[in-house]
Colleague: 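Can you keep this structure in mind? I'll have questions shortly.
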Protein chains: 2
Amino acid sequence: MFSRACEYAIKIMIYIAANEQEGKRTGLKEVTEAISSPEAFTAKILQQLVKNDLLLSFRGPSGGFILNDKKEIRLHDIVVAIDGTHLLNDCILGLNECSSANPCPVHDKFLLVKNQLTESLLSTRVNDEALLKGKNSLKN
Amino acid sequence: MFSRACEYAIKIMIYIAANEQEGKRTGLKEVTEAISSPEAFTAKILQQLVKNDLLLSFRGPSGGFILNDKKEIRLHDIVVAIDGTHLLNDCILGLNECSSANPCPVHDKFLLVKNQLTESLLSTRVNDEALLKGKNSLKN
DNA sequence: TTAATTTCGGACAAATTTATCCTTAATTAG
DNA sequence: CTAATTAAGGATAAATTTGTCCGAAATTAA
Ligand code: SF4
Ligand code: SF4
């Protein structure tokens, strides 16, 4: 469904959000440990999240990452930042044009799925209580 | 969502099913033309569909492919044949364990999406009237 | 029987994604 | 100021997916 990078990104953001709830800034090594991800690859993803204004970064000792909480960050923001809008906007069959007027064979069924997915991603924020609770089940 | 190979596979199956409705057997070149896919790659996918008992193949002049209609083929069968069960069974976040007892952060929201996707794939058959109608919108 | 057609299947190549390595830049603490 | 720490970022490598090439095997038609 999502790229592996995006899976990591979601875990990263949930972990950092939970940490922040306790007033803690989160470093690369800590989050890598917490979600069991390859360190250097995780660093790249963190950079992308910073570039997309979802995180703020600080260098040096006691540096790390915090949420850019000007916005209440939704899972949707994370997925779009890492995987782009293809999953959510493009045709499930990879067709170029999609008109509800002249729908392709599987139009109706998949519109439902896609709408529900989009709605789920839009309505879930990384600082939702349910997500923060699960901070410790992000390994494996 | 699906791999490109799987997108092709779905188009292939819809096209062959529609052709069969008119009593026609379908060849590699014809289906490649009909869905605008790379020929050699399409051949591989056709082989996989044969191996998975979704298609029957015939060599030689006037050869080609027809549905193995011992079963009424569902989109679910195609997706599983090409992409496996990962999309439908595995954790959306890539976690190893998934227990509803001790659910991960995003359990509830995504269970809905996954169930609806699975249900859509299970309930749609390639010989559904709606799909056959769209035979000509598979290009692009 | 011969030639043409069509699928089969292995090897290979290109493109993309995932992951690693290493140097530089910024920041902090002593 | 110096040394330690941490993120930034470029180059590269490994793995996977996508796509190509070509000869072999089967079948049909003449
Ligand atoms: S309506 Fe058809 S063409 Fe459009 S996104 Fe859905 S499956 Fe694709
Ligand atoms: S409940 Fe959590 S662990 Fe299980 S599939 Fe859903 S997101 Fe993944």
Side-chain angles (χ1 to χ4, degrees), chain A residues 1-13 15-16 19 24-68 79 81-84 86-87 90 93-94, chain B residues 1-12 16 19 24-68 79 81-84 86-87 90 93-94:
Chain A
M1 177 99 73
F2 307 129
S3 69
R4 184 162 312 175
C6 190
E7 291 175 1
Y8 290 149
I10 294 172
K11 293 183 191 176
I12 288 168
M13 293 296 288
Y15 184 79
I16 292 178
N19 244 355
K24 296 186 209 158
R25 185 180 284 181
T26 310
L28 167 63
K29 280 176 192 164
E30 183 185 352
V31 70
T32 284
E33 162 75 17
I35 72 174
S36 300
S37 57
E39 184 170 319
F41 190 46
T42 306
K44 300 294 187 194
I45 298 167
L46 283 163
Q47 279 181 54
Q48 279 190 269
L49 292 170
V50 170
K51 275 187 188 159
N52 282 275
D53 297 317
L54 302 185
L55 291 177
L56 298 178
S57 67
F58 304 90
R59 300 203 225 192
S62 81
F65 301 86
I66 61 173
L67 298 185
N68 184 352
V79 171
I82 304 299
D83 281 352
H86 291 298
L87 172 66
D90 290 8
L93 293 185
Chain B
M1 177 97 74
F2 307 128
S3 70
R4 187 162 309 176
C6 190
E7 292 176 0
Y8 290 149
I10 294 172
K11 293 184 192 176
I12 288 168
I16 292 178
N19 244 354
K24 295 187 209 158
R25 185 180 286 180
T26 311
L28 167 64
K29 281 176 191 163
E30 184 187 352
V31 71
T32 284
E33 161 76 18
I35 71 174
S36 300
S37 58
E39 185 170 318
F41 191 45
T42 307
K44 300 294 188 194
I45 298 167
L46 282 163
Q47 281 180 54
Q48 278 191 269
L49 293 170
V50 170
K51 274 186 188 161
N52 282 274
D53 297 318
L54 302 184
L55 291 178
L56 298 178
S57 67
F58 303 91
R59 298 202 226 193
S62 82
F65 302 86
I66 61 174
L67 299 185
N68 183 354
V79 170
I82 304 299
D83 281 352
H86 291 298
L87 172 66
D90 289 9
L93 293 185

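Protein chains get the first letters and strands the later ones, always in sequence-line order, with residue 1 at the start of each.
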Colleague: Heavy-atom nearest nucleotide on DNA chain C for A/G60 versus A/P38: which residue maps closer to 5'?
Modeller: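 Looking at the nearest nucleotide for each, A/P38 comes out on the 5' side.
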
Colleague: Do A/I66 and A/L55 have side chains that get closer than 4.5 Å, going by heavy atoms?
Modeller: no

Colleague: C/dA19 C1' sits how many Å from A/F41 CZ, rounded?
Modeller: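 Taking CZ of A/F41 and C1' of C/dA19, I get 7 Å after rounding.
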
Colleague: CZ of A/F58 versus C1' of D/dT6: gap in Å, rounded?
Modeller: 13 Å

Colleague: Spell out, as yes or no, whether a donor-acceptor pair under 3.5 Å connects the side chain of B/D83 to the backbone of B/F2.
Modeller: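 Not confirmed, B/D83 side chain does not pair with B/F2 backbone.
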
Colleague: Taking only the side-chain heavy atoms of B/A40 (C-beta and beyond), determine which of C/dT7, C/dG9, D/dC21 contains the nearest atom.
Modeller: D/dC21

Colleague: For A/I12 and C/dT18, give me the distance from atom CD1 to atom P, rounded to whole Å.
Modeller: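 After rounding, the reported distance stands at 13 Å.
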
Colleague: Let's test your reading of the model: under 3.5 Å, does the base of D/dT27 pair with the side chain of B/R59 as donor and acceptor?
Modeller: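 No such pair is found, so the answer is no.
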
Colleague: How long is the straight-line distance from OG of B/S3 back to CG of B/L87, given to the nearest 0.5 Å?
Modeller: 10.0 Å

Colleague: Measure from the side chain of B/S3, starting at C-beta and using heavy atoms only, and say which of D/dT18, C/dT20, D/dT5 lies closest.
Modeller: D/dT18

Colleague: Which nucleotide in the list C/dC8, D/dA11, D/dA4 gets nearest to the side chain of A/K44?
Modeller: D/dA11

Colleague: Looking only at the side chain of A/Y8 (C-beta and beyond, no hydrogens), which of the listed nucleotides D/dA4, C/dA19, D/dT18 gets closest?
Modeller: C/dA19

Colleague: Can you check the A/E30 CD to D/dT5 P distance for me, whole Å?
Modeller: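 In whole Å, D/dT5 P lies 16 Å from A/E30 CD.
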
Colleague: Out of D/dA8, C/dC8, C/dA19, which has the shortest distance to the side chain of B/F65?
Modeller: C/dC8

Colleague: Once rounded to the nearest 0.5 Å, what's the spacing between atom CG of B/L28 and atom CD of B/E30?
Modeller: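 One finds 10.5 Å between CG of B/L28 and CD of B/E30.
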
Colleague: What's the closest nucleotide to the A/S57 side chain, out of C/dC21, D/dA8, D/dT20?
Modeller: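 The answer is D/dA8.
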
Colleague: Go through D/dG19, D/dT18, C/dT28 for me and flag the one nearest to the A/S62 side chain.
Modeller: C/dT28

Colleague: So, taking the atom named CG in A/L46 and the one named CD1 in A/I12, what distance separates them when rounded to the nearest 0.5 Å?
Modeller: 4.5 Å

Colleague: Does B/Q47 contact C/dG9 through a side-chain donor or acceptor facing the base, at a distance under 3.5 Å?
Modeller: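 Between C/dG9 and B/Q47, which were checked side chain against base, a qualifying N/O pair under 3.5 Å is present.
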
Colleague: Rounded to whole Å, please give me the gap between CD in A/E39 and P in C/dC22.
Modeller: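 The answer, rounded to whole Å, is 13 Å.
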
Colleague: Find the distance A/L56:CG to D/dA7:P and express it as a whole number of Å.
Modeller: 14 Å

Colleague: Establish whether the base of D/dG9 is bridged to the side chain of A/K51 by a donor-acceptor pair shorter than 3.5 Å.
Modeller: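 Donor-acceptor pair under 3.5 Å: no.
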
Colleague: Of the candidate nucleotides C/dT6, C/dT28, D/dT28, which contains the atom at the shortest distance from the side chain of B/K29?
Modeller: C/dT6

Colleague: With a cut-off of less than 4.0 Å, is there a side-chain N or O of B/R25 near OP1 or OP2 of C/dT6?
Modeller: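 Indeed not, no polar side-chain atom of B/R25 lies that close.
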
Colleague: Tell me the interatomic distance from B/L46, atom CG, to C/dG9, atom P, rounded to whole angstroms.
Modeller: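 The answer, rounded to whole Å, is 13 Å.
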
Colleague: Identify the heavy atoms of B/S37 and B/T32 that sit nearest to each other, and give their distance.
Modeller: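 Heavy atoms of B/S37 and B/T32 come nearest at O-CG2, 3.0 Å.
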
Colleague: Given atom CG of B/L28 and atom C1' of D/dC21, what is their separation to the nearest angstrom?
Modeller: 14 Å

